[in-house]
J.: 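My questions will all concern the structure given below.
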Amino acid sequence: MPELPEVETVRNTLKTLIVGKEIRDIDVYYEKMIRNREVDEFKKALIGKKIIDIDRYGKYLIFNFEGTALISHLRMEGKYFFKDLDEKKEKHEHVIFYFTDGKTLRYNDTRKFGTMDLYDINDVYDKSPVSKIGYEPFEKEMTGKYLMDKLSKKSIAIKSALLDQTIIAGLGNIYVDEVLFLSKIHPTLKANSFELADYKRLVKNSVKVLNKAVKLGGTTIRSYTSSLGVTGRFQNELFVHTKQGDSCLVCNTEILKTKVNGRGTYYCPSCQKEL
DNA sequence: GTGACCACCTGGCCGC
DNA sequence: TGCGGCCAGGTGGTCA
């Protein structure tokens, strides 16, 4: 499932393929995917425009169509594929962008959770869904002090807090498990129960995990692949996520799986003490 | 304001 | 083999 590293991989792949191309037509097969516009309005806003750039913030992809921003969230299983015009439409292709040069960009989403919104490019960081999310771990504003302030009144589990995109942008279920393991923090402990040094460690390890995952093209678990079926390699670097029953690479204790707020959660009971 | 829960979706897996 | 039930999970909405 695409988290920040996977979305960054998609962005980098797509940039090399579609920037500069002009939209000739668009087919929308699943209208609910387009959230803040009627389909006709969505098409009208984009047809005839060129893709100037593709940006990313958190898990959102931001396509710049000459001043109109298409904000795309891949949610669980969203993918983009770059194909020739004559290739047959697949079952889960819900939006197809036709370019003037005969190529197509196809949004494929098995579970139809993905979303697309249109905003003026100047409103992306003020009015769109992107405006509601917190800093990414890489940003200078994301410090241990910031995280401690944000979580000071949160009595929810630290795992749930780190999944909250309004607090910290980009982490999903896989990477939160890895960050908590590296930080030696048990996932069910209360978010406001730590000291400054712990929050600093969480920020530091978030950067470490995400940077490494971006470098390796993300994580391929279950169905995730980026455009053109590119698969990531970070799954080979995972310490705990999906490792239930395996031995901890640090202390040899068996990795356990539990649920935190309904999310499958993997941890080492020895390295990550419940206290 | 906060936290818990549910809906959205479909494919894969398991037990019968 | 076929069927039903459960699980996976990011986000937004609802409710207490």
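Per chain, numbering begins at 1; letters A, B, ... match sequence-line order.
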J.: Grab the CD-C1' distance between Glu6(A) and dG9(C) for me, whole Å please.
T.: 14 Å

J.: Of all heavy-atom pairs between Val179(A) and Asn205(A), which one has the smallest distance, and what is that distance?
T.: CG2-O, 3.9 Å

J.: If the helix axis at each end comes from five base pairs, how far does the helix from dT2(B)-dA16(C) to dC16(B)-dG2(C) deviate from straight, to 10°?
T.: 50°

J.: Name all residues meeting the side chain to side chain contact (heavy atoms under 4.5 Å, CB included) criterion together with Lys150(A); count only those two or more places apart in sequence or in a different chain, and write none if there are none.
T.: Tyr146(A), Ile167(A)

J.: Could you tell me whether the side chain of Arg111(A) has a donor or acceptor atom within less than 3.5 Å of a complementary atom in the base of dG11(B)?
T.: no

J.: Compare every heavy atom of Ser183(A) with every heavy atom of Leu202(A), then report the nearest pair and how far apart it is.
T.: CD2-OG, 3.6 Å

J.: Report the distance from atom CG of Asn261(A) to atom C1' of dA8(C), rounded to the nearest whole Å.
T.: 16 Å

J.: dC7(C) C1' sits how many Å from Glu77(A) CD, rounded?
T.: 12 Å

J.: Using residues 17-25 of chain A as the side-chain source, report each donor-acceptor pair under 3.5 Å to any protein atom, sequence neighbours left out, with the distance given to one decimal.
T.:
residue: Lys21(A); atom: NZ; partner: Asp101(A); partner atom: OD2; Å: 2.5

J.: If only side-chain N and O atoms of His92(A) are considered, is one of them under 4.0 Å from the OP1 or OP2 phosphate oxygen of dG11(B)?
T.: yes

J.: Base, sugar-phosphate, or nothing: which does Lys159(A) touch, judged by heavy atoms less than 4.0 Å apart?
T.: nothing

J.: Taking only side-chain nitrogens and oxygens of Lys112(A), does any of them come within less than 4.0 Å of OP1 or OP2 of dG11(B)?
T.: no

J.: By nearest atom, which of the nucleotides dG9(C), dG3(B), dT10(B) is closest to the Ile156(A) side chain?
T.: dG3(B)

J.: Counting the atoms with a prime plus P, OP1 and OP2 as sugar-phosphate, which does Ser155(A) contact under 4.0 Å by heavy atoms, base, sugar-phosphate, or nothing?
T.: sugar-phosphate

J.: If you look only at pairs with a residue in residues 170-196 of chain A, which of them pass as a salt bridge (Lys or Arg N to Asp or Glu O under 4.0 Å), with sequence neighbours excluded?
T.: Lys159(A)-Asp177(A)

J.: With nearest nucleotides of DNA chain B determined for Ser160(A) and Asp109(A) from heavy-atom distances, which residue corresponds to the more 5′ nucleotide?
T.: Ser160(A)

J.: Touch check for Lys190(A), heavy atoms < 4.0 angstrom, all strands: base, sugar-phosphate only, or nothing?
T.: nothing

J.: Measure from CG on Asn173(A) to C1' on dC7(C) and round the result to the nearest Å.
T.: 13 Å

J.: Check side chain to side chain donor-acceptor pair (under 3.5 Å) between Ser152(A) and all other residues, then give those that pass, not counting sequence neighbours.
T.: none

J.: If you look at every heavy atom in Gly134(A) and Ala169(A), which pair is closest and at what distance?
T.: O-CB, 3.4 Å

J.: If two hydrophobic side chains count as joined below 4.5 Å and joins carry through other members, does Tyr107(A) share a cluster with Ile96(A)?
T.: no

J.: Evaluate ring-ring contact (aromatic ring centres under 6.0 Å, His included) for Tyr80(A) paired with Phe63(A), printing each intermediate quantity in order.
T.: CA-CA 13 Å; Tyr80(A) 281 99; Phe63(A) 296 81; 5.5 Å; yes

J.: Would you tell me if any nitrogen or oxygen in the side chain of Lys259(A) comes within less than 4.0 Å of OP1 or OP2 on dA8(C)?
T.: yes

J.: Using ring centroids (six-membered ring only for Trp), state whether Tyr266(A) and His241(A) fall under 6.0 Å.
T.: yes

J.: How long is the line joining CG of Asp164(A) and P of dG1(B), in whole Å?
T.: 14 Å

J.: Encode nucleotides 11-16 of chain C as B, S and - characters from 5' to 3', where the letter depends on protein heavy atoms closer than 4.0 Å: B to the base, S only to sugar-phosphate, - to neither.
T.: BS----

J.: Take the protein atom NZ of Lys79(A) and the nucleotide atom C1' of dT10(B), then report the distance between them rounded to whole Å.
T.: 11 Å

J.: Tell me: NZ of Lys91(A) to C1' of dG11(B), nearest whole Å?
T.: 9 Å

J.: For the pair made of CG in Leu61(A) and P in dG10(C), what is the distance, rounded to whole Å?
T.: 16 Å

J.: Does dC9(B) have OP1 or OP2 under 4.0 Å away from a side-chain N or O of Lys32(A)?
T.: yes

